[in-house]
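Report on the structure given below.
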Amino acid sequence: MIEKTYQPAEIEPRISAAWERVQAFRAGRPERRAATPYCIVIPPPNITGSLHLGHALDNTLQDVLCRFERMRGKDVLWQVGTDHAGIATQMVVERQLMERQEPSRREMGREKFLERVWAWKAESGGTIINQLKRLGASCDWSRERFTMGERGAPDEQMVRAVLKAFVELYKAGLIYKDKRLVNWDPKLLTAISDLEVQQVECRGSFKWSSESGEPLDAVALGKVLDRDPNGHLYYFRYPLEGKAFDPSNPSTFITVATTRPETMLGDVAVAVHPDDERYKPLVGKNVILPLVGRKIPIIADEYSDPEKGTGAVKITPAHDFNDFEVGKRHSLPQVIVITTEARITTVPIFAAYEHYKIKPDDDPVKPNATFSSAPDATLKSLDGSDRFVARKKIVALLEECGFIDKIEPTVHMVPHGDRSGVVIEPYLTDQWYVDAKTLAAPALAAVNDGRTTFVPRSWEKTYFEWMENIQPWCISRQLWWGHQIPAWYGKEEDIFVELSEADAIAAAEKKYNKKVVVASSIFGSDVVGNVQAVLEAKSAGYEVIARDEDVLDTWFSSALWPFSTLGWPDETPELKRYYPTSVLVTGFDIIFFWVARMMMMGLHFMKEVPFHTVYIHALVRDERGAKMSKSKGNVVDPLGIIDDYGADALRFTLALMAAQGRDIRLSPARVEGERNFATKLWNACRFAEMNACAGVAGFNPKSAKEVLNRWIAHETARTARDVTAALEAYRFNDAAGAVRAFVWNVYCDWYLELAKPVLTGPDGAAKSETRAMVAWARDEILKLLHPFMPFLTEELWAVTAGASARAGLLTLTPWPAYAGLDDPAAEAEIGWVVDLVSAIRSIRAEMNIAPATQLPLVLAGVSAQTKARAERWMEFIGRLARVGDISFAQRAPDGAVQLLVRGEVAALPLKGVIDLAAERARLEKEMAKAMADIQRVDAKLANPDFVKRAPEEIIDGEREKREEAEGRRQKIVEALGRLGAMS
RNA sequence: GGGCGCGUAGCUCAGCGGGAGAGCACCUCCUUGACAUGGAGGGGGUCACAGGUUCGAUCCCUGUCGCGCCCACCA
């Protein structure tokens, strides 16, 4: 018995359990050994995450594909797992420590801290997996993987995969260590990659005049602005060496512009364009860096853009990416004046001054005469102050001495860390890099020659654009949570990159030809003890090596996901069977982060693309189109939606909205509508049950005799074809829309309604055939809908089994595929009934005829075929259109409303009921429409070019249209004539 | 600065060379034994604007206006 009401909250957990009980989603089920493999690797959610709508969409689409292909008989592996999410996880645990007022990460030390993170993972890391289960994801849960493997497992494969990838890339020269500027996050105290930097627009604080309301130019203010440190352009006057600086005399200085005043402490040159006539005479001369006293040269470099600023640009190699390059070209020193914590340090300035100090007898032209005077002693007071505080102070100091020309508010992009939100500092450090350029070449080729295709295709351009301009990928992170880099440092510049500590020792011993021991971290809690140990070891004749403290970027392990999860580096049967995977489903926001890197690593290590298709879907936004974010508080919680309307309704809504496009705006009202759809189907199944429509074993829809039944078989087959084709083309919205329209507007609205007279009528062949067909079509619906609404359909599949034994779970039932069910004749006949009933209903509503009133119907001058159809469907039409009696006549009776149904007249004699004027108006309106149609077609046909150039079938179509419209017109003329005869 | 995308019914969005569609909202009617989480009917759009290509343009091309996103060395 089907319950009276559809209650998803009661059904869904029960069905979930049923699937788990038989391990329905396990890959490699014995009966599918010979089947074609189909594999999707899940974009591993962060262990810190909880299911948001983006996940819901992404996983719904993957699940639709997996369930579809599983029903099509493939051996499906949906590989599930989670990502350790280095920075995010470390932040979560650190925050927790702070909230609980426990010792900080540094206080407790690396080992203890990592233990805490693992403990946290054990406690909370499974949340997202359970949420995926609630969504109905049909992953192979037995194969769940974690990017850092299982804690403490010996010889853990997921760890081995990362080590092997790193070591092999290193030995192939594709990973290297380099000292260059990195994006440094001064809050998290780690380097981050280009992709983790968000450019944020910063605009200066324009001051507004209180009188006029007009913006006041900051120049006019002539004051140091005291607000937003990020949105101003500062023009500095750098005095020329050998001239008496006079702010009112431009020949005594050169003006440079900057948005980062505090970096001037580290300036080592001023660059101008070699062809810039304005500055040509100054090239080779020196300026005296204000406050610092350093003599810095004016150099010619093409980097300088005459159009920008003043055309002269200050060069700070240690704190700007471009300046770094300029500095290398001109062998300029790198003066670091900002610390890892983004605080000012003048120590290097004073140290340099001490080093190069001018002695009274020095020749001022000597190259080492770097300073013309001692640095301003007040600079020392800046030490340790925040960069933005220092900015204000430096500007104030410069202004005092006339070195500021002007300050303008400006709008520019400032890099921020995407996790920390603070302004990124370019910082000079040693970091590990992947030679992405080399790895990108095969990845580019693979998409170019179609071994991997993007859907929609247009994303390939984005992919190419980025891959062609790819930069070295900084993979080292100054964090603790992650894969520690397998590099051990020995004497001087020696680095041993090996799979294990033992291998590193062996390599070092070979090189040094003496015993080698590994020092534990000298940055660890017991610094003194460690240093002591190192010294003792050395004096005892050992060489000491120490492992790199840093860990790898999370995306490094994610890049290996399509093969590491299948067992690589071991040659497992799974790896052989499921790689390359079939399709990757993800949002466009991680094409660079993840898709591109999987392509590179997959091709490098497996020599084959990781997936044949990349399906890129939209981003889910809120009702107003804003990106959902916790800080904005506009996050729609999918779990709340599931509580309210069920996972099926949410999934179905997402699938319906998954059309190509940039974003999906989801409103709960829409989900409610789809929950109503589920209810509709539920009730249709109840109806079938109440009418004893049970599946009949061996029932063949092709053998149906009844037109109505042949018609629904025809419609079912067409729907199945449409849904299948749409899914094959990743048109999820079309697929879901096709089932929805079929269930609601065909099966429920017409088939069941038309079947009622049979089902409630006398027993007989027609009735039993109809019962069987109602059940058959319902079963086909459950199959077609299952990928979208798995819980509801599985439940209905079970409860409608009745006496007919189901072979098993719906989720493992073959997908509908039939031949020979098409029946145009049945389609034409039922189509006529539908049109007739609709036309009568429309008139009844328009004329406000009480629902209880039975109307007689006269079919005037109709064909023998129509007459036969009318006789066959008399009872049905009577019931659906409230027609009491159907008769036939040569012409419509006087005073009747005359309807055109498929070119023939159906008359409703309503003498005394109808308002003659209103009926005339109605007919005239229809007449106008017919005339307009005729005219439009005539205009086309009258055009010789159209007849000459348009394809034949189009012209024939137009002629048919004209004929049809002309027929309509004639009938209306006749009808109007009869109406006229009455009055 | 480079690139991508969008502007279609009140709202959210499909469609994308040959007669304008859906869901929601709105209006009217209906508690007839599957379903009021429902049924029946209905109103509502010079498909942003201007040119062009074409026999024919909401759809293709160019430009304009408006909006959004991504990338880029922040003078």
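Chain letters run A, B, ... following the sequence lines, proteins first and then strands; every chain starts at 1. As a basis for the values below, the full set of heavy atoms in this structure was taken, side chains included, without hydrogen atoms, waters or symmetry mates.
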For this session: Flag the pair A:I2 / A:W682 as yes when at least one side-chain heavy-atom distance between them is below 4.5 Å, and no otherwise.
Result: yes
Problem set entry | Non-hydrogen side-chain atoms of A:E875 and A:R879 separated by less than 4.5 Å | no
Nearest listed nucleotide, side chain of [X], among [options]:
X	options	value
A:P426	B:U37, B:C74, B:C55	B:C74
A:R841	B:A40, B:A34, B:A14	B:A40
A:R936	B:C69, B:G19, B:G41	B:G19
A:M657	B:C35, B:U12, B:A75	B:U12
A:F592	B:A34, B:G18, B:C71	B:C71
A:L752	B:A34, B:C69, B:G18	B:A34
A:W744	B:G38, B:C55, B:C74	B:G38

Exercise. Do A:E926 and A:K929 meet the salt-bridge criterion of a basic N to acidic O distance under 4.0 Å?
Worked result: no
Exercise. Is the shortest side-chain N to carboxylate O distance from A:R260 to A:E262 below 4.0 Å?
Worked result: yes
Between [X] and [Y], is there a donor-acceptor pair closer than 3.5 Å when you use the side chain of the first and the backbone of the second?
X	Y	answer
A:E468	A:E465	no
A:D301	A:Y303	yes
A:D323	A:T316	yes

Exercise. What's the verdict on salt bridge (Lys or Arg N to Asp or Glu O under 4.0 Å) for A:R959 and A:E963, showing C-alpha distance, side-chain angles and the deciding distance?
Worked result: CA-CA 6 Å; A:R959 293 215 166 98; A:E963 239 169 88; over 6 Å; no
For this session: May I ask you to check whether A:W184 and A:Y427 place their ring centres under 6.0 Å from each other?
Result: yes
Exercise. Taking for each residue the nucleotide of RNA chain B bearing the nearest heavy atom, is the 5' side occupied by A:W750 or by A:Y6?
Worked result: A:Y6
For this session: Please tell me which of A:D734 and A:C748 maps to the more 5' nucleotide of RNA chain B, matching each residue to the nucleotide holding its nearest heavy atom.
Result: A:D734
Taking only the [atom1] atom of each, what is the distance from [N] to [M] in whole angstrom?
N	M	atom1	value
B:A57	B:G51	C1'	13 Å
B:A48	B:C67	C1'	11 Å
B:G33	B:A22	C1'	32 Å
B:A14	B:C74	P	34 Å
B:G7	B:G15	C1'	15 Å
B:G56	B:G19	P	14 Å
B:G5	B:U62	P	11 Å
B:C61	B:G3	P	16 Å

For this session: With pairs defined as Watson-Crick or G-U wobble and both distances under 3.5 angstrom, please note down RNA chain B as a dot-bracket string, | for pairing with another strand.
Result: ((((((((.[[[[.)..(..]]]].(((((.......))))).....[[[[[..)....]]]]])))))))....
Classify [X] by what it touches in the nucleic acid, base, sugar-phosphate, or nothing, heavy-atom distance under 4.0 Å.
X	value
A:L656	nothing
A:E958	sugar-phosphate
A:P306	nothing
A:K929	nothing
A:A684	base
A:P944	nothing
A:T310	nothing
A:Y303	base
A:R670	sugar-phosphate
A:R778	nothing
A:R686	sugar-phosphate
A:K948	nothing
A:M413	base
A:Q198	nothing

Problem set entry | Among A:R969, A:K961, A:K940, A:R968, salt bridge (Lys or Arg N to Asp or Glu O under 4.0 Å) partner for A:D933 | A:R968
Roughly how many Å is it from [atom1] in [X] to [atom2] in [N], rounded to a whole number?
X	N	atom1	atom2	answer
A:L181	B:C74	CG	P	15 Å
A:Y751	B:G39	OH	P	19 Å
A:L754	B:A40	CG	C1'	15 Å
A:E465	B:A72	CD	C1'	10 Å
A:Q199	B:A72	CD	P	7 Å
A:M264	B:A75	CE	P	18 Å
A:N745	B:A22	CG	P	10 Å
A:N943	B:A57	CG	P	11 Å

If you go through the side-chain atoms of [X], does one of them form a donor-acceptor pair with the base of [N] closer than 3.5 Å?
X	N	answer
A:R675	B:U37	yes
A:K4	B:A34	no
A:K680	B:C35	yes
A:E846	B:A40	no

Could you go over nucleotides 58-61 of chain B and give all protein N or O partners under 3.5 Å, atom names and distances?
none

Exercise. Stepwise, does the salt bridge (Lys or Arg N to Asp or Glu O under 4.0 Å) test hold for A:R670 with A:E674?
Worked result: CA-CA 7 Å; A:R670 182 73 201 249; A:E674 302 319 320; 3.5 Å; yes
For this session: Using side chain to side chain contact (heavy atoms under 4.5 Å, CB included) as the criterion, point out the one residue from A:I590, A:I591, A:D589 that pairs with A:I616.
Result: A:I591
Problem set entry | A:K756/A:E753 under salt bridge (Lys or Arg N to Asp or Glu O under 4.0 Å): CA gap, chis, key distance, verdict | CA-CA 5 Å; A:K756 276 176 184 174; A:E753 291 303 327; 3.1 Å; yes
For this session: Over all heavy atoms of both residues, which pair between A:H416 and A:I424 is shortest? Give the atoms and the distance, please.
Result: C-CG1, 3.6 Å
